[in-house]
Structure formats: structure tokens, C-alpha cells
Amino acid sequence: MARYAFSLDLDRCIGCAACTIACKTGNDLADNVRYIAVNKFMRGHIPNLFGSFAHHRCFHCEDAACVQVCPTGALSKWNGLTVVDAAKCSACGYCTDACPFKIPTLAAEHVSKCIACFDQVSEGAMPWCVQTCPSQALRFGERARIVTDLQARRATIKARFPAARLYGETELGGLGLIMLLLDQPQVYGLPENPQVPLTLTVWQRAIQPASVGLSLTALAVTGASFIIARRQHLREHARNHQTESLDQIGKDQK
Amino acid sequence: MNPSSRFVQRYAKTQCLIHWVGVITFFALLFSGIALIFAPLSWFAAGGVSKLIHRIAIVPFVVLPILYVILIPRQARALIAESFTYTRDDWAWFKCMPAYFFGSTKNLPPQGRINAGQKIHHALTFVMFVSVSVSGFGLLFGKGRLGVEGLAFAAIAHDLSMLGLTVLLIGHLYFTLVYDALSAMVRGVVSEEYARMEHPKWVAELPENAFIVARAREK
Ligand code: HEM
Ligand code: HEM
Ligand code: SF4
Ligand code: SF4
Ligand code: SF4
């Protein structure tokens, strides 16, 4: 099985937001829906001004919190990407709370987030955003290559941006969108060390299966002992019917 | 004399009605909730059917206990008071519980209107009614506000309450069927034999005219 990934090179991104538009058009998204937001930001003072673009879009985490909590299978992993089957979505909203990057939203009672252009990609074509990017900041392909290429890019910009680093190489099991940041993650509004909280894993991996499992166990145990108990009770019942007076019933009780 | 020819009133019509509407509501909540945590049922959750059912059923689930208190306050007070009062006989009853579980009423200490097992069932049901409701409303109104940990915490509390209520239900159903108690909630009456076996202290308190000769169904 292949493991695909996107890369986003922020040294190349010119903030045109063509990806946003391409995604919207290519995927025929409703007016109020979009899967990418590109926000320009500035820091520092002239002449030491630093500006870049914060992209708010799904990272396709390998250990995806959204997939873990999704009760219906509307979200699932496919070749390293987090894909969406909106028809299955029950709009429970668990994923919107669980995602460490606050990516999924609910629109018209369905989950709304990057679908990795599943139709395109499964037929060997490039995702719309990648196809459209005019500065080749966005790329898509085999994850291993995506990572080595981005590492090489980092080496070449090291002199200009000493703080430059890759984001997503190992985080959350390795993200399916690796960014070449020009500065620390916090500057981009990204968590330094994104994490799926332990309580969430306990809920999903322990409490949920245990709740169902123990309920079924209780059902099985009582089901089996029912036969024994019922026969015993019917015997008592028969004995009662042989007694002369009702007052005798229960007299073997203390 | 056939010990099962006389009957005694145990529950009022209103109590029976509230109980059965409650049972339907409970099963609706249980199955629509389980659909969210049990993969083989996820088809039922997909598309939002189970979510809708779960949310509709919340209304009667919360309203029924309130109706119980408003319509029949005397019974409501008795139910709560008795469920949370445990006498020496009750503790002794729990010691006989293993044999009782397997169908034997031998050596049971005499029990009042509701026996120790019913007391503990009703009492725990009240407690978990509160925990399932509080955590449920937490999930309902906490969306987007609780954060990941809050969501997980509320869901864990909700799941454990669900488990508790389900185990209680299974026990409740089990004893009802082993000891032929169903008629208490269906026609509101139990046989004299049953009353004497299970609730002798209660029988002792009843006036003699409490026993009625059964109508049609009984031979
Ligand atoms: C006042 C009562 C209740 C309220 C307000 C409530 C509310 C909720 C809400 C909001 C959810 C989240 C899913 C969604 O948004 O559709 C949920 C899930 C659930 N509910 Fe309830 N519910 C109540 C009673 C019950 C009862 C009585 C049961 C079963 C005995 C139950 C079993 C479940 C289960 C198993 C889940 C799935 C939890 C998970 O994903 O881990 N609920 N409930
Ligand atoms: C198919 C399912 C059920 C059956 C057959 C059933 C049957 C019964 C019966 C026969 C009684 C009367 C026992 C007696 O003689 O005192 C009873 C009482 C009771 N049941 Fe159930 N039950 C069911 C489900 C439930 C559920 C789901 C709950 C709550 C979650 C529940 C809560 C109670 C309570 C609180 C009482 C005492 C009622 C009162 O004093 O007004 N039952 N049930
Ligand atoms: S991969 Fe497709 S769906 Fe995802 S952001 Fe790019 S164009 Fe939009
Ligand atoms: S970024 Fe959020 S929505 Fe995307 S895969 Fe990770 S957890 Fe899921
Ligand atoms: S809102 Fe939809 S996609 Fe998100 S967790 Fe619930 S069912 Fe899954």
C-alpha cells in the first residue's frame, strides 16, 4: 500500500490563495464551505520584518484523532490520507472537537474538511490545489520522496532562515501534509508538539469496547443461569401448590 | 386451595403506564447510543438517524420522572424513601442473593413491599439516571466548548452510566422473568403466592380485603 503525502514549502508560497479557489471549484463546494484558508501574517519591525502565510487545512495525520472518534466510519485512513465519506456522517461533531488543529467543521449537517481529492488521486491525477499552485509550493506524491525533497529544500534555505524546519515529519505518527516552516511552529499558530490526549484514547480504545463487551457478557451470563434459576423456581412453585394452606408459603423463610 | 387464585394490587395504572413508556424510551436511547460505539451497528448511526432518535428520546426520558412525581407524589415518595432505606433484613437478604439468583427463595429473610434486590436496583437506577443525564447534556451542549479532554471525559461518564444502566436492566429483567413478576407491571397485580414468597412483611401489613379473587384469565 502506498503512503501518500502533501508538502507545502512556505519559502515558495506567495499567498495567492489559488489553492483555496481551485479546491472550491474542483470539488464543487457550497458557498459557505472551504477546505483551505490562507492567512498572511507579519512580525517584527522594519527593517527586520518577517512575513509568511499560515495555511489552515487538514494535515492528514497518521494517528488521526478525527478517525479515532468518528463513530460511523465517515472518516477513515486511505494510503496515508484522511478521506471522507460524507454520506455516512451523522454530524455528531466529535471530530470537530477531537482534531488537534481544529480543522473539521459541520456544514449542512455533514462533516466538512479536505477530502484529499479522493476521486482525482485514486485515478492517478493530482489534487486540485497541487495542480493549481503557480509557485510549486504545494506538491503531492509518495511520502518518502516528499520528505527527502523537502529536507533538501530546507538545506538550501538554511542560510536565509536559520530557524526553518519541517513540520509533520514525525508528529502524530507522521503527518500526511508536511510543511517547510520558515520559523517556529508557534509563529504559524501551530502546536509545537500536537498530541492526541490520553483521555481520548482511553475513551475510544478502552471504555467504548469495555462498555459494549461487559453488557454483552452480563447478558450471556444471565441468559445461561436463567435456565437453571427458572427450573429451580418452578420446583418451588410446584411444592407450594401441594401445601394445604397459604399461610405455609414462605414459612421456610426465617 | 390453589395458591395462585387470589391476587393483590401492587401498582397503579399510572405507574404501569409511566414504566412502559419509560422502557420504550430507554431502549430507544440504548440502541441509538450503542450505534455510536459498536461498529456492527454503525450503519444505523451513519446519516444521522440514530442521532435524531437519541435526541427525541431525551425529552420523554427526562419528562417521565417529573410526571411521576407530579401525578402520583405519594407513590413517588414511597419509592424513593424505600429504595434508600436498608434494614437488617435487607443486609441479610443480600447474603442469600446467590441462591436467590439461581431461583431459590429458601431461607430468605422476610421482605417488605420492595425487596432488597429491588431496592438496590431502583436506587442505582436513580443515581445513574442522574449521571447519564448530566453527562448526556454535557455532550449535547458542550459541543465545541468542552475541548477534547472535556468531550472525552463526558463521553466516558456517559458510556459508564450506559453500562451500569444496562447491567441493571439485565438483572431487572432476569428476576422479573425467573420469578414471574411481570404481571405486577402489566395488570398491576401479583398472585398471593408470589406476594407471600417474596414480600411477607408487606403481606402482613395489608388488610385482608386487599386480596381479590382474580378475573377471567385465571383458571
Ligand atoms: C438525558 C438523557 C440523555 C442525553 C441528554 C443524552 C445525550 C447524548 C448525546 C448528546 C450524545 C452524543 C452523540 C450525539 O450528539 O448524538 C450521546 C451519546 C450516547 N448516548 Fe446518550 N443521552 C442521554 C441518555 C442516554 C441513555 C439512557 C443511554 C443508554 C442507556 C445513552 C447512551 C448513549 C451512548 C452509548 C452514546 C455514545 C457515547 C460514545 O460515543 O461513547 N444515552 N448521548
Ligand atoms: C423489558 C424491560 C422491563 C421489564 C419487563 C420490567 C419489568 C418490571 C416489573 C415487573 C416491575 C415491578 C416489580 C415489582 O413487582 O415490584 C418493574 C418495576 C420497576 N422498573 Fe422495570 N422493567 C423493564 C425495564 C425497566 C427499565 C429500562 C427501567 C429503568 C431504567 C426500569 C425501572 C423500574 C423501576 C424504577 C421500577 C419500580 C417502579 C415503581 O415503583 O413505580 N424497568 N419493572
Ligand atoms: S487535496 Fe483537494 S480537497 Fe484537499 S485541499 Fe487540496 S483541492 Fe481541496
Ligand atoms: S488534521 Fe484534524 S481533520 Fe485532518 S487528519 Fe488530522 S485530526 Fe483529522
Ligand atoms: S461529525 Fe461526521 S465525520 Fe465527524 S466524527 Fe461525527 S460522524 Fe464522523
Side-chain angles (χ1 to χ4, degrees), chain A residues 65 69 71-74 85 87-94 96-100 109-110 196-204 206-212 214-215 218-219 221-223 225-226 228-237 240-241 243-250 252-254, chain B residues 1-4 6 34-39 42-43 45-51 92 99-111 142-153 155-156 159-160 162-163 166-167 170-171 173-175 177-180 192-193 196-198 200 203:
Chain A
V69 297
T72 64
D85 182 350
K88 283 192 181 166
C89 176
S90 74
C92 72
Y94 286 171
T96 60
D97 278 327
C99 170
E109 287 290 292
H110 284 300
V196 180
L198 186 64
T199 35
L200 189 137
T201 312
V202 169
W203 165 35
Q204 290 294 320
I207 303 292
Q208 281 193 350
S211 302
V212 175
L214 291 176
S215 297
L219 195 62
V221 169
T222 48
S225 56
F226 179 78
I228 307 170
R230 186 64 187 159
R231 279 168 63 183
Q232 171 69 24
H233 176 70
L234 287 178
R235 241 177 279 141
E236 277 191 354
H237 196 62
N240 286 339
H241 280 240
T243 49
E244 290 301 306
S245 152
L246 270 178
D247 296 340
Q248 287 313 112
I249 294 176
D252 55 352
Q253 302 182 2
K254 277 181 278 187
Chain B
M1 184 179 182
N2 181 347
S4 42
R6 290 206 305 169
I34 289 272
L36 293 180
I37 64 177
F38 187 47
S42 67
W43 56 270
V49 194
S50 68
K51 174 181 163 175
Y100 186 70
F101 184 80
F102 287 108
S104 167
T105 57
K106 251 215 185 99
N107 298 327
L108 279 183
Q111 295 291 297
K143 292 268 158 71
R145 267 172 260 176
L146 287 174
V148 204
E149 306 240 65
L151 170 82
F153 188 74
I156 287 173
D159 285 348
L160 293 179
M162 183 281 294
L163 170 63
T166 306
V167 170
I170 292 171
L173 202 58
Y174 177 82
F175 289 112
L177 296 180
V178 168
Y179 290 104
D180 295 309
E192 182 172 1
E193 176 196 5
R196 286 185 190 276
M197 265 170 102
E198 300 260 351
V203 172

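Quick caveat, the model's predicted, so the values are computed rather than measured. All chains are named by letter (A, B, ...) in the order of the sequence lines, taking the proteins before the strands, and each is independently numbered beginning at 1.
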Exercise for review: State which residues pass salt bridge (Lys or Arg N to Asp or Glu O under 4.0 Å) with A:Glu109; sequence neighbours excluded, sorted by chain then number.
Suggested key: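 Checked A:Glu109 against salt bridge (Lys or Arg N to Asp or Glu O under 4.0 Å); matches are B:Lys51.
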Considering all heavy atoms, the nearest [X]-[Y] contact:
X	Y	answer
B:Met162	A:Ser211	CE-CB, 3.7 Å
B:Tyr174	A:Thr222	CE1-O, 3.3 Å
B:Ser42	A:Pro71	CB-O, 3.5 Å
A:Arg230	B:Tyr179	NH1-N, 4.4 Å
A:Cys92	B:Lys143	O-NZ, 2.7 Å
B:Val148	A:Asp97	CG2-O, 3.4 Å

What's the spacing between [X] [atom1] and [Y] [atom2] if we round to 0.5 Å?
X	Y	atom1	atom2	value
A:Leu234	B:Asp180	CG	CG	7.0 Å
A:His233	B:Thr105	NE2	OG1	7.5 Å
A:Thr199	B:Leu151	OG1	CG	9.0 Å

Check your understanding: Quick one: are A:Val212 and B:Ile37 in side-chain contact, heavy atoms under 4.5 Å?
Key ->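 Side-chain contact under 4.5 Å: yes.
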Exercise for review: For each of B:Ala45, B:Gly48, B:Gly47, tally heavy-atom pairs with chain A at distances under 4.5 Å, and name the one with the top tally.
Suggested key: B:Gly47
**Study point:** Interface residue of largest heavy-atom contact number with chain A, from B:Leu163, B:Ile34, B:Thr166, under 4.5 Å
**Key:** B:Leu163
Exercise for review: I would like to know whether A:His237 and B:Glu193 meet side-chain contact (heavy atoms from CB on, under 4.5 Å); could you show each step before the answer?
Suggested key: CA-CA 9 Å; A:His237 196 62; B:Glu193 176 196 5; 2.8 Å; yes
Check your understanding: Among A:Leu219, A:Val221, A:Thr96, A:Val69, which residue forms the greatest number of heavy-atom pairs with chain B at distances under 4.5 Å?
Key ->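 So the answer, after comparing A:Leu219, A:Val221, A:Thr96, A:Val69, is A:Leu219.
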Which answer fits [X], side chain, backbone, both or neither, if we ask what part of it has an atom under 4.5 Å from a heavy atom of chain A?
X	answer
B:Tyr100	neither
B:Leu177	both
B:Ser104	both

Check your understanding: If you count the non-hydrogen atoms of other residues, nucleotides and ligands that lie under 6.0 Å from CZ in B:Phe153, is the total more than 12?
Key -> no
Study note, to complete from the structure: Under 4.5 Å to a heavy atom of chain B? For A:Ala91 that would be both
